[in-house]
Amino acid sequence: MAEDTATQALPMRLFRGVQDRRHAKELQQQLELIEAELTEHLRFASPVADAPARYLMEAGGKRIRPMLTLLTSELGDGPNEQVRRAAQAIEMTHLASLYHDDVMDDAKLRRGVPAAQTVWSNSVAILAGDLLFARASTLVSGMGEEAILLQARTFERLCLGQLHETVGPQEGDEPIAHYIQVLADKTGALIATAARMGVMFGGAPAEYADPVMEYGERIGVAFQLIDDVIDLSPKKEQTGKRAGTDLRAGVATLPLLLLQQRAAAGDAADAELLRRIDAGVAAIREGADPGVLDPEVEELRAHDVTRETEATAHRWAEDAKAVLEVLPKTSVRRALERMADSIVNREG
């Protein structure tokens, strides 16, 4: 099942902490305006470019990044044209990265619909992502040197995160620490930038920029860690994909890394489960039905390592809320705290 549209996927409860219901509705309207403007920015005169470039945006999404930019702008004067422009550029950058990720991961589904490269081709999907990166850069180019530099550094981190994930830990790297850094770069960096740009263009005090950026990076890591748990969920109607998709593809998520750690420490039962998982992944790569790993997916879902992953995600969310202590105790801060909680308590 495809994800809901942005306005459905981001219920009013996440804006409820912002002063009053009327003000929350105004923010929701700003989010809808961002969505409409984003649609316009993703239009291309060439029909060959237009459909692929708009494909993933039209598939829906949670729009966490634009919402965060709106919220942090409320630490100052609130949303304005520059805030919305920044939010659109960030979401466009995020969408662009998804096209590239899906090609590199050979993903079949994204947001409950066929991945772009399965509809067109790897080359078209990569070029569609490049077009979105170009449009995002165009949006940021008129927003000043600080914004341009921030966007460039964020893009660099996205690329480094993907590169480090692709080549894997090197000699001397601790696998779990390496994995967390990949999450911080691939996901946390862009969410952090979303938070900072709200402060920058919403007229908020400059001393709030670093704390909200740290908050954004931490909830980004928490988001991905909960995704590791959700990947093992049997609730396909909520997740939009088969349970254990990452595991079947041989992706080393935190539950698997923790299992490897326990097996290396001498736990015989964990070593046997790991052996069966590795054998199943190898069989799938040779053309076996992905269902060959169903028993191992269920076993890993019920394993302590999955509970440990969930607890780790909650710790990152709590740490994110802790850095907000420097902000005034306002409804905006409460809304940011609620966002952190919502991210780790979701089921899809």
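Numbering of residues begins at 1 and proceeds along the displayed sequence.
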Give a yes/no verdict on a cation-pi contact between R346 and F223, requiring under 6.0 Å between NZ or CZ and the six-membered ring centre and an angle within 45° of the axis.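 Geometry flag: set, cation within 6.0 Å and 45°.
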
Row check, Y215 ring normal vs R196 NZ/CZ: under 6.0 Å, within 45°: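 No cation-pi geometry.
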
[Y] versus [X], side-chain donor and acceptor atoms under 3.5 Å:
X	Y	result
Y179	D228	yes
Q162	H100	no
T312	R315	yes
T93	Q151	yes
Q181	D185	yes

R307 atom CZ, over 12 foreign heavy atoms within 6.0 Å: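 Atom CZ in R307 is packed in, count exceeds 12.
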
Identify whether the distance between the nearest side-chain nitrogen and carboxylate oxygen of [X] and [Y] falls below 4.0 Å.
X	Y	result
E217	R157	yes
E81	R84	no
E299	R276	yes
E337	R334	no

Under 3.5 Å donor-acceptor pairs involving side-chain atoms of residues 317-326, not counting sequence neighbours:
residue	atom	partner	partner atom	Å
E318	OE2	K321	NZ	3.0
K321	NZ	D341	OD1	2.8
K321	NZ	D341	OD2	3.4
E325	OE1	R333	NH2	3.3
E325	OE2	R333	NH2	3.4

